[in-house]
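In what follows, a structure is listed as structure tokens, so that the remarks can point back to it.
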Amino acid sequence: MIIQPKIRGFICTTAHPDGCAANVREQIDYVKSQPALANPPKKVLVIGASTGYGLASRIVPAFGGGAATIGVFFEKPGQENKTGSAGWYNSIAFEEAAHEAGLYAKSFNGDAFSNEMKQQVIDTIKADLGQVDCVVYSLASPRRTDPATGDVYKSVLKPIGEPYSQKNLNTDKGEVDSVTIEPASEEEIVNTVKVMGGEDWELWIDALSEADVLADGATTVAYSYIGPDLTWKIYTEGTIGMAKKHLEDSAARMNERFGVGTAYVSVNKALVTQASSAIPVVPLYISLLYQVMKEKGNHEGCIEQIERLFADHLATEGGPSQLDENGRIRIDDWEMQDDVQAAVAELWEKVNTENLNDISDFAGYQSEFLRLFGFGLEGVDYEADTDPNRRLPSA
Ligand code: NAI
């Protein structure tokens with residue numbers, strides 16, 4: 001079939017297998033162009049490994065350090081006349097490249113929150129790798145079924161306490177309007193923490209530890225975001241921020257139980273991913289941030305961010321080079337530089353529908369959004385008849 005993008009709001013319902021493969025290859029090439037990691041983990045489990053930060057977290061230790069990787073994700077396989085999701089095709093491309101390079105790579109497509117998935121992964125580690133020495137937790141999900149009770153929790157992206165009004169970008173229409181979001185109820189706050197907090201991260205580490213498949217000195221990392229005060233009401237001080245606070249508390253608890261230096265929270269840069277495009281206000285902020293950082297020459301995507309995370313922190317001889325006052329790794333440091341934030345704040349005041357394309361990198365936002373689904377990559381023939389029904393090598 002001829003595969004074209006079909007955009008519905010903040011999601012694209014199609015994905016191009018060859019475009020996704022090209023995107024993965026570009027990320028692999030970037031990692032190969034960097035110096036090899038000094039002290040890389042050798043057996044890495046990535047939970048949420050198929051897109052965005054998690055995919056980059058699989059590519060970096062594999063191609064920068066020769067690591068064996070197991071990836072867990074929740075994606076839609078392609079069928080004869082229907083495209084699968086981007087993460088499905090990304091994972092096929094990753095496995096093919098890893099196997100070609102002689103690297104172990106196995107993937108599990110299913111619900112990471114379930115006990116069954118944890119058991120399947122543990123069995124595979126035992127059979128194939130013995131133990132893992134690094135666990136990356138990079139899930140972004142709108143819902144979670146609690147494995148203990150069967151209750152389903154849904155996360156929301158809302159402010160807490162009072163309504164929040166802010167400029168907003170309608171990414172479909174390319175219009176700057178404003179949005180008012182009503183505050184979350186107590187139940188919505190609790191539910192968002194259940195889904196996006198650290199409970200499941202701890203359940204994974206507990207299960208791996210109890211099964212004795214965590215190597216001595218193994219590290220685990222999960223990702224958070226802080227950003228500037230103009231997004232705080234919807235992010236840091238909103239429902240998702242409460243979940244991220246819980247994630248940090250989980251890291252502290254794991255460090256108490258398993259030893260300091262076991263669990264890290266890394267605060268990452270705001271980037272176009274499937275998860276971030278669903279957050280109100282954030283796409284406008286990202287369009288302005290990209291404009292400023294590209295002009296300054298210090299813009300990074302997921303792969304550059306995660307390369308730096310491993311090169312400077314996780315894969316060094318002595319562990320992370322620097323932590324903030326709350327014990328977090330900060331690879332959002334370039335985003336949060338005073339001059340970057342001052343420039344974004346100035347543009348934020350000015351931006352409207354008329355000047356959007358002149359003073360923001362909305363064009364870059366749009367092209368990066370399409371690239372997430374494998375569209376707009378060089379060397380891909382988008383007019384060619386393409387088979388969407390692709391199989392994961394390890395399945
Ligand atoms: P993403 O949407 O690109 O990736 C989410 C991953 O989770 C995918 O691999 C998906 O298959 C997997 N997943 C979702 N539900 C699952 C389930 N039930 N079982 C198994 N796998 C499941 O998201 P992104 O943006 O890479 O986010 C990853 C983490 O990074 C999140 O914690 C997010 O809050 C954080 N982060 C994201 C930033 C951004 O700007 N995108 C900035 C800083 C942190």
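Counting starts at 1 for both ligands and their atoms, following the listed order. Both backbone and side-chain heavy atoms feed into the values below; hydrogens, waters and symmetry mates do not.
- Within the 3.5 Å criterion, the main-chain N or O of Thr69 finds no donor-acceptor partner in the side chain of Lys106.
- Within the set Gly54, Ala222, Ser138, the minimum heavy-atom distance to atom 6 (C) of ligand 1 is found for Ser138.
- Of all atoms in ligand 1, listed by their number and element, those nearer than 4.0 Å to a heavy atom of Ala49 are 9 (O).
- Counting protein heavy atoms only, atom 24 (P) of ligand 1 is closest to Thr273 OG1, 3.8 Å.
- A ring-centre distance under 6.0 Å is found for Tyr225 and Tyr235.
- Closest to atom 19 (N) of ligand 1 among all protein heavy atoms lies Ala112 N, 2.8 Å.
- Atoms of ligand 1 lying under 4.0 Å from at least one heavy atom of Ser50, given by number and element, are 8 (C), 9 (O), 10 (C), 11 (O).
- Which parts of ligand 1 touch Gly52 is read off a 4.0 Å heavy-atom cut-off, strictly below it: atoms 3 (O), 26 (O).
- In this structure, of Glu75, Met117, Lys269, Glu335, the residue bringing a heavy atom nearest to atom 10 (C) of ligand 1 is Glu75.
- Scanning all protein heavy atoms for the shortest distance to atom 5 (C) of ligand 1 gives Ala140 N, 3.6 Å.
- Below 3.5 Å of separation, one finds an N or O of Leu271 facing an N or O of ligand 1.
- A donor and an acceptor atom, one from each side chain of Glu175 and Thr353, are nowhere located under 3.5 Å apart.
- Considering only non-hydrogen protein atoms, atom 26 (O) of ligand 1 sits nearest to Tyr53 N, 2.8 Å.
- Rounding to the nearest 0.5 Å places CE of Met1 at 10.0 Å from CG of Asp387.
- On a distance-only criterion, Ser224 and ligand 1 share no N/O pair closer than 3.5 Å.
- The shortest contact between atom 4 (O) of ligand 1 and any protein heavy atom is with Thr51 OG1, 3.0 Å.
- Geometrically, ligand 1 and Ala270 share no nitrogen or oxygen pair separated by less than 3.5 Å.
- Side-chain contact, Glu182 with Tyr164: no donor N or O sits under 3.5 Å from an acceptor N or O.
- At the shortest separation from atom 30 (O) of ligand 1 among protein heavy atoms lies Tyr223 CB, 3.5 Å.
- Remark: aromatic rings of His16 and Phe373 are distant, center separation not under 6.0 Å.
- Of the polar atoms of Met196, none of the N or O atoms is found under 3.5 Å from an N or O of ligand 1, judged by distance alone.
- In the hydrophobic cluster analysis, where Ile, Leu, Val, Met, Phe, Trp and Tyr join through side-chain heavy atoms closer than 4.5 angstrom, Leu203 is grouped apart from Tyr264.
- Closest to atom 22 (C) of ligand 1 among all protein heavy atoms lies Leu139 CD2, 3.3 Å.
- Phe108 and Leu214 fall within the same hydrophobic cluster, defined by Ile, Leu, Val, Met, Phe, Trp and Tyr side-chain heavy atoms under 4.5 Å apart, directly or through other members.
- Residue Phe113 places no N or O, backbone or side chain, under 3.5 Å from any N or O of ligand 1.
- Remark: side-chain polar atoms of Asp146 are not paired, donor with acceptor, to backbone N or O of Gly150 under 3.5 angstrom.
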### Task
Kindly determine whether Lys194 and Arg143 satisfy side chain to side chain contact (heavy atoms under 4.5 Å, CB included), including the steps that lead there.
CA-CA 9 Å; Lys194 267 279 189 188; Arg143 73 184 65 78; over 6 Å; no

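- Annotation: atom 32 (O) of ligand 1 to nearest protein heavy atom, Lys244 NZ, 2.9 Å.
- Atoms of ligand 1 lying under 4.0 Å from at least one heavy atom of Asn268, given by number and element, are 43 (C).
- Geometric assessment of Arg308 against the ring of Trp334 yields a positive cation-pi assignment under the 6.0 Å and 45° thresholds.
- For the residues Gly227, Gly110, Gly48, the heavy atom positioned nearest atom 20 (C) of ligand 1 is part of Gly110.
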### Task
Run the numbers on Ser165 and Thr180 for side-chain hydrogen bond (donor to acceptor under 3.5 Å, both in side chains), then give the verdict.
CA-CA 4 Å; Ser165 297; Thr180 299; 2.8 Å; yes

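- Looking only at atom types and distance, the side chain of Gln291 has a donor-acceptor partner in the side chain of Glu295 under 3.5 Å away.
- Of the polar atoms of Asp111, at least one N or O is found under 3.5 Å from an N or O of ligand 1, judged by distance alone.
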